[in-house]
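One-based numbering, in listed order, for ligands and for the atoms of each.
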Amino acid sequence: MSYFVDKDGYYGKFGGAFIPELLYPNVKELEGNYLKILASESFKKEFKDLLDNYVGRPTPLYLAKRLSEKYGATIYLKREDLCHTGAHKVNNTIGQILVAKHLGKKRIIAETGAGQHGVATATVCALMDLECIVFMGEVDIKRQAPNVARMKMLGAKVVPATSGSKTLKDATNEAIRDWIGNPEDTYYLIGSVVGPHPYPDMVARLQSIISKEIKEQLLVQTGNENPDMIIACVGGGSNAAGAFYHYLDEESVDLIAVEAAGLGVYSGKSAATSQLGEVGVLHGSKTILMQDEYGQVIEPYSISAGLDYPGIGPLHAYLHESDRAKFMNATDQEALDAAYELTKIEGIIPALESAHALAVLPKMKFEKNQVVVINLSGRGDKDLETYITNLKDE
Ligand SMILES: *Cc1c(COP(=O)(O)O)cnc(C)c1O
């Protein structure tokens, strides 16, 4: 049994490339080249140099003493919040911009919901002096003004998607339409372990630097490169894929994926895909998604913009189905409480997404000395307004 993608682009029955025929040449070009590029000396050298000196890697693995005391385990935080731009997303955009350059592409397109992937893409396009077009739902452009301003400042063109619900899936449709129209010079930069093969595998490989570092750092700090458990939040699943990657075959390491339950899993306002979803095709791959009886995507909800996604990547669908990973969830309120707690006892303000991973700690029973790694995917600066609004006087 393997948890890695097979030669046809599948994880068990999940994955593949369900795309319009007109997109075949673009996807085939990428599929035929990505492994060669990732394995080339020039890519590896440039990727490492940028991760070290631009992103600020390796990020620390921090033993959170007070959090450990409180929950009766040995808890480490993998500090992706300290990456340049404030989250793990930049590991992926740096890698893919290098792939685009190797393919000779001059024009980068992306879609974004909350704007975080758009900002990470605009950042690396500024760095590499490449044209950047970000498709974003008209509704999201209004909701996410600061990220729109950042993208424009970074030199990106933000194009509103005005069809349908005017949110992420409509922006995705616009991006795909653009790619079909510009197959020669354009590279489509996807932001999570989603999309048609080879994107989920490529993004997982680029984010796998997270678990590579965890192994090295745990070995130095504890004498054992394996923890007992790794916990990560899941929107599309890229930070979790990166944190799990080098442990997928280490069955002694428990993998915990945490989804956003919004106002409650069954409240009708949730993004707990693995609980509510069914098998279907989303964004070009066969996976688990939230859909109605006609196969129409149900709009997800979460207080955290990054977890507000109606599906999970095909790797995660397979980890869920095979029980390799345990899927849990946290509500808005549980995430808020966890964020305030971490801030107070460790002096770290986490992103709301990452707070969902922290929020399962009170639901666990640990044995003493159990080593737990929580992937702190991002920092909370972007969520300050939500934190201020919800802060109760104590
Ligand atoms: C985007 C984002 C996520 C969710 O995306 P994944 O692909 O599931 O990792 C989680 N945390 C932060 C801080 C994010 O910005």
(request) Verify whether one side chain among Ser377 and Ser354 offers a donor that lies under 3.5 Å from an acceptor in the other. (result) yes

(request) Test the Lys101-Phe43 pair against the cation-pi criterion, namely NZ or CZ under 6.0 angstrom from the six-membered ring centroid and within 45° of the ring axis. (result) no

(message) Polar contacts were defined as any N/O atom of the residue lying under 3.5 Å from an N/O atom of the ligand; does this apply to Ser354 and ligand 1?
(response) no

(request) Using a 4.0 Å heavy-atom threshold (strictly under), name the region of His117 that reaches ligand 1: side chain, backbone, both or neither. (result) neither

(message) List ligand 1 atoms under 4.0 Å from Gly378, heavy atoms only on the residue side.
(response) 13 (C)

(request) For ligand 1, note which part of Ala351 has a heavy atom under 4.0 Å away: side chain, backbone, both or neither. (result) side chain

(message) For atom 5 (O) of ligand 1, tell me which residue out of Ala257, Gly306, Gly380 has the closest non-hydrogen atom.
(response) Gly306

(message) So for ligand 1, is Ala87 a polar contact partner (N or O within less than 3.5 Å, distance only)?
(response) no

(request) Just jot down the side-chain hydrogen bond (donor to acceptor under 3.5 Å, both in side chains) partners of His316, sequence neighbours excluded, or say none. (result) none

(request) Could you tell me whether some N/O pair between Val234 and ligand 1 is separated by less than 3.5 angstrom? (result) no

(request) Considering the heavy atoms of Gly235, write down every atom of ligand 1 situated less than 4.0 Å from one of them. (result) 8 (O)

(message) Between Arg79 and Thr59, does the side chain to side chain donor-acceptor pair (under 3.5 Å) criterion hold? Intermediate values first, please.
(response) CA-CA 6 Å; Arg79 300 289 310 274; Thr59 59; over 6 Å; no

(request) Assign the ring pair Tyr199 / Trp179 to parallel, tilted or perpendicular, where the plane angle (0 to 90°) is split at 30° and 60°. (result) perpendicular

(request) Provide, to 0.1 Å, the distance between atom 2 (C) of ligand 1 and the closest protein heavy atom, together with that atom's residue and name. (result) Lys89 NZ, 2.4 Å

(request) Return yes if a side-chain donor-acceptor contact under 3.5 Å exists between Ser165 and Lys169, otherwise no. (result) yes

(request) Return a yes/no value for Gly236: is any of its N or O atoms, backbone included, closer than 3.5 angstrom to an N or O of ligand 1? (result) yes

(message) For the 3.5 Å polar cut-off, considering only N or O atoms, please tell me whether Ser192 and ligand 1 meet it.
(response) yes

(message) Between Asn92 and Gln96, is there a side-chain donor-acceptor contact under 3.5 Å, judged purely by atom types and distance?
(response) yes

(message) For Ser274, is there any backbone N or O sitting under 3.5 Å from a side-chain donor or acceptor partner on Glu259?
(response) yes

(request) Measure the distance from atom 12 (C) of ligand 1 to every protein heavy atom, then report the residue, atom name and distance (to 0.1 Å) of the closest one. (result) Ser377 OG, 3.5 Å

(message) For His197 and Tyr34, take the angle between the two ring planes, folded into 0 to 90°, and tell me which bin it lands in: parallel under 30, tilted 30 to 60, perpendicular over 60.
(response) perpendicular

(message) Does this structure show an ion pair linking Glu341 with Lys344, if we count only N-O contacts that are shorter than 4.0 Å?
(response) no

(request) Report yes if Ser238 has an N/O atom closer than 3.5 Å to an N/O atom of ligand 1; otherwise report no. (result) yes

(message) Please list, in number order, the atoms of ligand 1 under 4.0 Å from a heavy atom of Cys233.
(response) 10 (C)

(request) With heavy atoms of Gln116 as the reference, note each atom of ligand 1 found under 4.0 Å away. (result) 1 (C), 14 (C), 15 (O)

(request) Using non-hydrogen atoms of the residue, decide whether Glu80 is closer than 4.0 angstrom to ligand 1. (result) no

